[in-house]
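Scroll down for the structure; my scribbles are underneath it.
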Amino acid sequence: MASDETIDVEIWQGDAGGGDYRAYTVPAQRSQTVLDVVTWVQQNVEPDLTYRFACRVGMCGSCAMNVNGKPRWTCRTHVSNAGDGPLRIAPLRNLPVIKDLVCDMTEFFDKWVGAGGVFKPSATRDDPMPAIDPTMTERAAASEAIECINCAICYSACDAVAQNDAYFGPAALNRSWSLINDVRDAGKTERLTAAAGIGGCFNCHSQQGCASHCPNLLNPTLSIAGLKRAAVKAKVRGEI
Amino acid sequence: MIAAHRKQPLWFAFALHRVSGLLLALFLPAHFYVLGLALKGEAALDGFVAWTDNPMVKLAETMLVFLLAVHMFGGLRVMALEMLPWSARQKTFAAAAAAGAFGVACCFLLGAL
Ligand code: SF4
Ligand code: SF4
Ligand code: FES
């Protein structure tokens, strides 16, 4: 039973073949995060409980889990803000589970590459450094989308990803949009071709689940809307 | 039960747009049937028009007007979102689309009474 001194928590454990929730009672602490709870269980009760984290300060993006039905960064989610009822922790949705709370991120990163998420330089190291004016429109748009920590929270929140395996998803397309606005980049045509293709931006239903869950307050829907406009323009002009 | 990750206003706007579209598609056969009556001659159509004076039918028509308006305003909202420069007021637009549709339906009902 949970009291002021304890927290009831259920943690999903299993692998790709299936699994189930197991219940624990964990001592409560001030400013306790969901990651603290998982760590307490692993260190005190369930030594083979498998989960991922690194920085514990919201920088690395590795600690994302499903907390009471919503994808969250667990190192920066206080138990007191995790939602009503007993705490229920599960692996992220939309990614294959390896074990317990750890998902296989391969498809997530493969889709970054598929969407054209790799910077393509327009100059070599021997050329002079171009001056980038931080106030110009393109740079402002690129900067707005750039603070992504690759946590896959948006990917896990997206129903279009759940329905279509081919869809690159919000994070990869957000990355593509930040590169499209990068004036040093030379890969715009390939990137827009990918964005207009089968896994691209036109799969997005604009419901903005990604934007409402992104812990860094990025707005992938905005980026995807930008891609849609750019792809339509490029198509009309015969560029892609 | 609506999944926790969907509980945000813009998902509800999306769902309303989908559901109104589906219901309108279901209504289409009835719409064509009435058009067919008009082709058959005045008497058949007049019989139908007399039936629509029934208050329950008026209410159903009001619902239909709401569905049409909410689907149209919702569609305009999505087109603006995708084709015009981004605005931070997405939730306001969704609320305005629903409120506008409600207003149109109320005007229809007042006019029909
Ligand atoms: S807005 Fe698009 S990318 Fe974002 S969650 Fe919805 S469908 Fe997915
Ligand atoms: S866009 Fe936001 S939610 Fe998505 S991977 Fe990047 S930081 Fe995470
Ligand atoms: S552990 Fe690095 S973001 Fe949570």
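Chain identifiers are assigned alphabetically (A, B, ...) following the order of the sequence lines, protein sequences preceding nucleic acid strands; residue numbering begins at 1 within each chain.
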When you look at OH of A:Y21, are more than 12 heavy atoms from neighbouring residues, nucleotides or ligands closer to it than 6.0 Å? yes
Distance (rounded to the nearest 0.5 Å) between B:F12 CZ and A:Q207 CD: 11.5 Å
Taking atom CG as the centre, does A:D165 end up with more than 12 heavy-atom neighbours from other residues, nucleotides or ligands that are less than 6.0 angstrom away? no
Under 4.5 Å heavy-atom distance to chain A, tell me which part of B:Q8 shows up: side chain, backbone, both or neither. side chain
Pick one of side chain, backbone, both or neither for A:C201, based on which atoms fall under 4.5 Å of a heavy atom in chain B. neither
Determine whether more than 12 heavy atoms belonging to other residues, nucleotides or ligands lie under 6.0 Å from atom CG of B:L59. yes
Count the heavy atoms of every other residue, nucleotide or ligand shown that sit under 6.0 Å from CD of A:E147, and state whether that count exceeds 12. no
Can you measure from CD (B:Q90) to CD (A:Q208) and round to the nearest 0.5 angstrom? 5.0 Å
Residue B:K91 excluded, over 12 heavy atoms near NZ under 6.0 Å: no
The interface call for B:P9 against chain A, heavy-atom contacts under 4.5 Å, is neither
Looking only at A:N219, A:V232, A:N68, the option with the highest number of non-hydrogen pairs under 4.5 Å against chain B is A:N219
Straight-line distance of A:L227 CG to B:E82 CD, nearest 0.5 Å: 11.5 Å
Take A:D159 and B:H5 through the test side-chain hydrogen bond (donor to acceptor under 3.5 Å, both in side chains) and record every step on the way to the result. CA-CA 9 Å; A:D159 283 339; B:H5 74 276; 3.0 Å; yes
Where on A:H205 is there a heavy atom nearer than 4.5 Å to chain B: the side chain, the backbone, both, or neither? both
Separation between CG of B:L81 and OG1 of A:T221, rounded to the nearest 0.5 Å: 7.5 Å
